[in-house]
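Each chain gets a letter, A, B and so on, in the order the sequences are listed, and its residues count up from 1.
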2 protein chains.
Amino acid sequence: MAEDRTTQIRRGVVELAVLGLLAQGERYGSQVVEELASQPALALTAGTVYPLLSRLLKAGLIDSTWQESPVGPPRKYYRLTPDGFAAHAAQRDAWVAVRDTLDALLKESR
Amino acid sequence: MAEDRTTQIRRGVVELAVLGLLAQGERYGSQVVEELASQPALALTAGTVYPLLSRLLKAGLIDSTWQESPVGPPRKYYRLTPDGFAAHAAQRDAWVAVRDTLDALLKESR
DNA sequence: CCGAGTACCTTGTTACGCAAGGTTCTGGGT
DNA sequence: ACCCAGAACCTTGCGTAACAAGGTACTCGG
């Protein structure tokens, strides 16, 4: 496959994106996929999101409950735990630090 | 090893950081390591930088020449090729897109 | 009762970040 | 002459993540 180097930039930011989304309120899996896939700069797929949700569940940063759907199979809703909110805050701070550092570095090379 | 989740945020951004640094002018390996290690938000080590430089060399994004050092063994200076400058510009654009998308997403959850 | 649509998740590949280890070269001290 | 400290280079091995592709299950309409 051709190497899409810009893909690399997305790496490491995905988890924060999911935490940020769930910090706004609970969502079910496909919904998370849909919202993140609709952002061209992120372009996430189900194959990325579901394993990530599993990992966050196992880490105790989110939990989930099944709820009926009016139009199809039941949906698994995910929401942040207290640990999840803490992780979200910590990662957001780390993000800001990296963002500012990189922006400063790129500014020099204009 | 304990999981440093903030490490993940650095992922994918390292290459752009090196390209950005070399876009400012040529540098030798240890110098790149030093400058990037001194940024707490990046905290890169030699074990990360050298393999990355090798990869960039092989990809033709940078090239290198040996130069004498006044104080020790010779130094290998790296600089961007035309392809490297193009990659730098492309990745910078991708970075801006991801950065803005993520910032917008995080803003919602305040 | 079967196909279309919705929703869930797993498997396999590839590649990266990083710690740890290892080599080579230079100059200074004895 | 010799050795050692230090500067500079790079490689190996491990863990983990992103993603494509594939697979399962439930619901409803015809």
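Using a 4.0 Å cut-off on heavy atoms, the residues of residues 70-80 of chain A that approach DNA chain C are A:Pro73, A:Arg75, A:Lys76, A:Tyr78, listed by number.
Taking atom CZ of residue A:Arg55 and atom P of nucleotide D:dA18, one finds them 6 Å apart after rounding to whole Å. Note: CD (B:Glu15) to C1' (C:dA15) measures 12 Å, nearest angstrom. The nearest whole Å value for the distance from the CD atom in B:Glu68 to the C1' atom in C:dT26 is 10 Å. At whole-Å resolution of the value, CG in A:Leu52 and P in D:dA18 are 6 Å apart. When rounded to the nearest whole Å, the span between CG of A:Leu16 and C1' of D:dA18 equals 16 Å. Rounding to whole angstrom units, CG of residue B:Leu53 and P of D:dA8 are separated by 15 Å.
Here the CD atom belonging to A:Glu108 is positioned 9.5 Å from the CG atom belonging to B:Leu21, to the nearest 0.5 angstrom.
When the shell of 6.0 Å around CD of B:Glu34 is examined, it contains 12 or fewer heavy atoms from other residues, nucleotides or ligands.
B:Ser69 has no side-chain polar atom (N or O) that falls below the 4.0 Å cut-off from OP1 or OP2 of C:dC25. Taking side-chain N and O atoms only, B:Thr45 has a distance below 4.0 Å to OP1 or OP2 of C:dA19. Of the side-chain N and O atoms in B:Tyr28, one or more sit less than 4.0 angstrom from OP1 or OP2 of D:dA8. Regarding contacts with the backbone of C:dG17, every side-chain N or O of B:Thr48 stays at 4.0 angstrom or more from both OP1 and OP2.
Checked for salt-bridge contact, B:Arg75 and B:Glu68 miss the test: no charged N lies under 4.0 Å from a carboxylate O.
Within the structure, the side chain to side chain donor-acceptor pair (under 3.5 Å) test picks out the following pairs touching residues 77-86 of chain A (sequence neighbours left out): A:Glu26-A:Arg79, A:Asp63-A:Arg79, A:Thr65-A:Arg79.
When all heavy atoms are compared, the tightest approach of A:Leu36 to A:Ala17 is CD2-CB, 4.4 Å.
Backbone-only engagement by B:Leu44 is indicated by non-hydrogen atom pairs under 4.0 Å involving sugar-phosphate atoms exclusively. Residue-level contact check: A:Gly47 touches the bases, meaning some heavy atom is under 4.0 Å from a base atom.
Taking the side chain of B:Ser54 as heavy atoms from C-beta on, and the options D:dA18, D:dT11, C:dT10, the nearest nucleotide is D:dT11.
If you find the closest nucleotide of DNA chain D to B:Gly29 and to A:Ala46, the one lying nearer the 5' end belongs to B:Gly29. Residues A:Arg11 and A:Tyr50 each lie close to DNA chain C; by heavy-atom proximity, the contact nearer the 5' end of the strand is made by A:Tyr50.
Hydrophobic cluster membership is shared by B:Val96 and A:Leu16, with clusters built from Ile, Leu, Val, Met, Phe, Trp and Tyr side chains linked at under 4.5 angstrom.
Of the possible polar contacts, none joining the A:Gln67 side chain to the A:Tyr28 backbone as a donor-acceptor pair under 3.5 Å is found.
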